[in-house]
Amino acid sequence: MAPPPPTPRPDRTVPDKPSIDGLEEKWSAAWDAQGTYRFDRSKARAEVFSIDTPPPTVSGSLHVGHVFSFTHTDLIARYHRMRGDEVFYPMGWDDNGVPTERRVENYFGVLCDPALAYAEGYEPPTEPAKERRDFERISRRNFVEMCHRLTGTDEQAFEELWRHLGLSVDWELSYTTIGVESQRASQRAFLRNLARGEAYSADAPCLWDVGFQMAVSQAELEDRERPGAYHDLVFGADGGDLTISTTRPELVVSCVALVAHPDDERYRARFGTTVRTPVFGVEVPMVAHELAEPDKGTGVAMICTFGDTTDVTWWRELDLPARAVIQRNGRFRDDAPEWLTSDEARSAYGRLAGKNAKQARREMVELLRDSGALIGEPEPITHPVKFYEQGYDPLEIVQSRQWYIRNGGRDEALRGALVDRGGQFAWHPDYMRVRFDNWVGGLNGDWLVSRQRYFGVPIPVWYPVDASGEPKFDEPIVPDESTLPIDPQSHVPPGYDESQRGVPGGFVGDPDIFDTWATSSLTPQIACGWEDDPELFARTFPMDMRPQAHEIIRTWLFSTVVRSHFEFDTVPWAHAALSGWILDPDRKKMSKSKGNVVTPMGLLQQYGSDGVRYWASSGRPGVDTVFDEQQMKVGRRLAIKLLNASKFALSFGAADTSQVSRALDRALLGSLADLVEECSRSFEEFDYARCLERTEAFFWSFCDDYLELVKGRAYGPTDEGTEPAVIDGAEGPDAGSASAKATLSIALSVLQRLFAPFLPFTSEEVWSWWMEGSVHRAAWPDAAELRKIAGDWDPTVLSVAGEVLREIRRAKTEAKVSMRAEVASVSVSDTTERIAALDQVADDVRDAGNASALSTEPGEFAVTAVLA
RNA sequence: GGGCGAUUAGCUCAGUUGGUUAGAGCGCUGCCUUCACACGGCAGAGGUCGGCAGUUCGAGUCUGCCAUCGCCCACCA
């Protein structure tokens with residue numbers, strides 16, 4: 001249902017000296033008090049526009065990039081609200097997860113030690129230790145308390161910033177990813193995945209961050225260039241020695257085979273034979289696999305358990321034994337492994353025991369050199385190494401039991417179905433869809449969702465403990481959905497009591513938590529009240545819009561699609577809108593780590609929220625945008641202009657819209673109708689920037705030309721001769737003035753509404769001077785209505801008047817006189833059509849140019865102005 | 001290695017199905033202060049549209065190749 005048409009106030013109150021200062025406080029308080037952005041949950045699904053807002057990570061402060069992209073969402077929200085949609089616009093805070101833990105550790109100077117007991121009334125050190133190793137150790141529960149304390153204050157600051165920026169969020173709809181509702185949704189969704197076989201646990205090699213002591217998923221990887229070196233090693237064999245090249249010589253002890261391409265003639269005869277590893281003398285087979293590349297090094301590679309993800313593939317597909325020595329702490333195991341049988345081998349291993357990969361490499365190179373197995377010297381190179389995107393150490397691959405959710409990484413059919421999902425909603429801009437296809441198509445493993453961390457949603461399962469004290473991981477005990485959320489560390493599974501925890505015949509709780517994406521992949525479910533509030537859910541899901549950054553297509557966007565696919569057999573939204581990045585003037589992505597981030601609140605105060613929003617609004621969907629304070633200054637100026645132009649236009653008084661009669665006025669309203677149409681179309685395509693650009697251009701020409709042309713007439717009949725003769729006997733002496741006043745009112749009301757999404761504070765201010773209610777609940781302008789008033793209009797009237805006026809001004813500029821200087825006569829030559837158009841506005845042009853006479857003749861366009 | 005996007009005035013960017021002498025803002029230069037706005041107004045200078053071919057009566061716009069930049073993805077021993 002469309003909002004009612006704008007209703008003028010009976011009394012106008014226009015300030016003498018309008019200002020944009022203080023509008024943020026004034027109007028955000030008013031909106032809050034009036035519930036301007038409150039969601040009306042009685043509306044039917046078809047009337048609702050629901051937004052799956054990205055919950056910002058609460059681990060510090062919001063930066064200007066957040067301001068940028070969140071403004072974009074707000075523009076869309078405000079447009080739809082004015083179109084009559086009931087906008088469901090919640091705000092979430094992503095406060096669980098590793099970044100929060102990291103911030104809490106550094107902020108308070110504490111580290112979590114799950115072995116410690118809870119300390120009642122704990123207070124963190126007043127002065128946090130400088131070095132991480134000196135941080136205070138606290139219990140898991142105390143640590144979680146500290147997380148809540150810090151995220152609580154952060155979230156308050158975030159909300160304050162968003163309100164100041166003017167996001168039209170319904171603050172009663174806010175949620176946190178660590179909150180009870182999120183935990184319940186996260187655990188419920190997981191249990192359903194488990195029941196349907198979409199989630200499973202497995203003891204398998206996984207990517208492991210040694211620093212964080214936790215597993216990570218494929219989606220959280222990034223490559224970083226690191227120095228390394230090729231080492232050429234000789235493997236002994238009866239059929240002749242073989243040379244391989246490796247960057248990880250320390251893993252020779254974990255070597256389980258050598259591999260070459262099945263078609264490689266050089267090694268064909270060797271397949272099925274064995275070779276001996278250098279230093280350790282372990283017999284390993286020579287095997288064939290297509291992934292081995294003949295033209296790389298010698299064409300033979302060493303398969304270790306596990307040096308990289310290719311090793312995992314080979315190990316799995318070739319059914320090789322696992323001989324891992326690197327432990328979860330990143331160090332080589334202390335005792336010599338059982339596959340080393342000779343004394344020499346075991347004593348050689350003694351030099352590696354307990355060392356980290358780097359130290360072990362140094363030792364191993366010496367061992368190899370001494371044994372003569374190292375050919376030449378290591379050749380330094382730079383190569384990409386896999387890191388956890390938030391981590392500090394190269395990832396290792398260790399074998400451990402983890403939980404997974406299927407995502408098509410091991411299942412062709414599922415992968416195909418998920419790729420198809422990417423085609424079932426609209427992407428803005430559309431080319432971003434390719435990234436989704438690339439990512440899903442390239443998956444090579446299921447989604448690892450368990451994390452060995454503390455501040456997050458607990459994995460809601462227990463395991464029975466057998467008589468010998470071993471947990472039976474294949475028979476997890478699950479809670480009833482009605483009891484969620486639960487923490488298996490403190491809750492007891494059905495049929496057990498606390499005394500049975502950890503004892504033979506009893507149970508143990510899963511100690512891990514979910515990856516943060518496992519919960520944030522459910523933001524539609526969380527925000528819309530899945531199962532907890534079925535009525536709300538029915539009115540808001542599937543959602544209309546998912547705004548987000550393009551760099552998290554592979555994580556947030558994809559995982560949300562996966563969860564919705566499994567649970568609802570649908571896509572979670574109709575539209576995905578991808579925002580670009582903010583680049584600093586050097587064209588690098590702005591980020592905290594680069595130290596080039598400007599604090600948003602300072603900018604909002606300096607340029608006004610509307611000024612900053614103006615800059616953000618100029619960034620088109622998906623396009624990276626340069627951080628440019630100049631643009632904020634321009635935005636601020638535009639806001640001030642809107643105040644002053646509104647004040648001026650309103651100073652002439654009101655007139656009925658039926659009074660529009662003059663050709664110039666009809667031309668203005670006609671072109672305004674074109675503008676409205678283009679703006680509406682642009683917004684429907686999520687191209688808010690085009691609407692702003694066109695509206696702004698129209699507005700400046702409205703101020704520079706139309707206002708100047710019409711103000712004399714609007715003041716009313718003054719001296720003799722300015723008012724034309726009665727036309728058709730219908731017009732009185734005030735007809736021209738009434739037409740101007742009516743047009744000014746209509747145009748102003750339309751322009752204020754077109755600016756409302758972009759400059760919400762200024763628009764609301766000028767609207768309040770003369771209209772009832774909030775502009776943000778007013779109806780979006782209607783092009784058809786404008787066309788009706790404009791009737792049969794001629795755009796030439798407006799353009800020719802502007803052009804002649806410009807020529808008169810130029811004459812004054814060249815003569816270095818004031819724009820108010822009198823002009824004795826103006827003569828215009830132009831085509832007969834344009835002369836005819838000009839004749840219809842001759843009085844206005846003469847008036848605006850302060851000219852006594854205006855004559856026209858056919859010919860080439862030329863204007864001659866003779867100054868008085 | 002595969003892919004996506006960008007390349008238009010000193011800077012930031014428009015340019016919608018190919019159509020008259022390529023646009024805006026900022027910056028720069030000059031001029032104008034009572035009468036909406038000096039947190040202003042008016043005007044001016046400034047571009048071989050990354051390069052080379054091609055299609056066309058006509059190309060900033062379409063096609064191909066190349067270059068530079070940014071990003072995404074990749075099993076990079």
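Proteins come first, then strands; the chains are lettered A, B, ... in the order of their sequence lines, and each starts at number 1.
Here the side chain of A/Lys17 is nearest to one of B/rA38, B/rC31, B/rC76, namely B/rA38. In the set B/rA36, B/rA77, B/rG40, B/rA77 carries the atom at the smallest distance from any side-chain atom of A/Trp314.
Annotation: cation-pi geometry satisfied between A/Arg834 and A/Phe861 (NZ/CZ under 6.0 angstrom from ring centroid, within 45° of ring axis).
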Any chance you could list the contact pattern along nucleotides 2-7 of chain B? Use B for base contacts, S for sugar-phosphate-only contacts and - for none, protein heavy atoms under 4.0 Å, 5' to 3'. BSSS--
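Counting any heavy atom pair closer than 4.0 Å across all strands shown, A/Arg620 reaches sugar-phosphate atoms only and no base atom. Counting any heavy atom pair closer than 4.0 Å across all strands shown, A/Thr313 reaches no nucleic acid atom. Among the heavy atoms of the strands, none lies under 4.0 Å from A/Glu807. Using a 4.0 Å heavy-atom criterion, one finds that A/Thr310 contacts the sugar-phosphate atoms exclusively. Contact annotation for A/Lys647: backbone-only contact, meaning every heavy-atom pair under 4.0 Å involves sugar-phosphate atoms and none involves a base. At a threshold of 4.0 angstrom between heavy atoms, the contacts of A/Asp311 with the nucleic acid are absent.
If you take CZ of A/Arg410 and C1' of B/rC75, they are 13 Å apart, rounded to a whole angstrom. Taking atom CD1 of residue A/Ile244 and atom P of nucleotide B/rA77, one finds them 11 Å apart after rounding to whole Å. A/Asp624 places its CG atom 13 Å from the P atom of B/rU12, with the value rounded to the nearest Å.
The separation of B/rC11 from B/rC73, taken at their C1' atoms, amounts to 33 Å, rounded to a whole angstrom.
Each of A/Phe648 and A/Glu678 was matched to the nucleotide of RNA chain B holding its nearest heavy atom; the match closer to the 5' end belongs to A/Glu678. When the nearest nucleotides of RNA chain B are assigned to A/Leu805 and A/His550 by heavy-atom distance, the more 5′-ward of the two goes with A/Leu805.
Within the structure, every side-chain polar atom (N or O) of A/Arg690 is placed at least 4.0 Å from both OP1 and OP2 of B/rA14. The phosphate of B/rG15 has neither OP1 nor OP2 within less than 4.0 Å of any side-chain N or O from A/Arg694. Checking the phosphate oxygens (OP1, OP2) of B/rC31, no side-chain nitrogen or oxygen of A/Arg809 falls inside 4.0 Å.
A/Phe758 pairs in a ring-ring contact (aromatic ring centres under 6.0 Å, His included) with only one of the listed residues (A/Phe683, A/Tyr688, A/Phe699), which is A/Phe683.
Taking the centre of each ring, A/Trp427 and A/Phe436 come in below the 6.0 Å mark.
The base of B/rC75 has none of its N or O atoms less than 3.5 Å from a complementary donor or acceptor on the side chain of A/Asp308.
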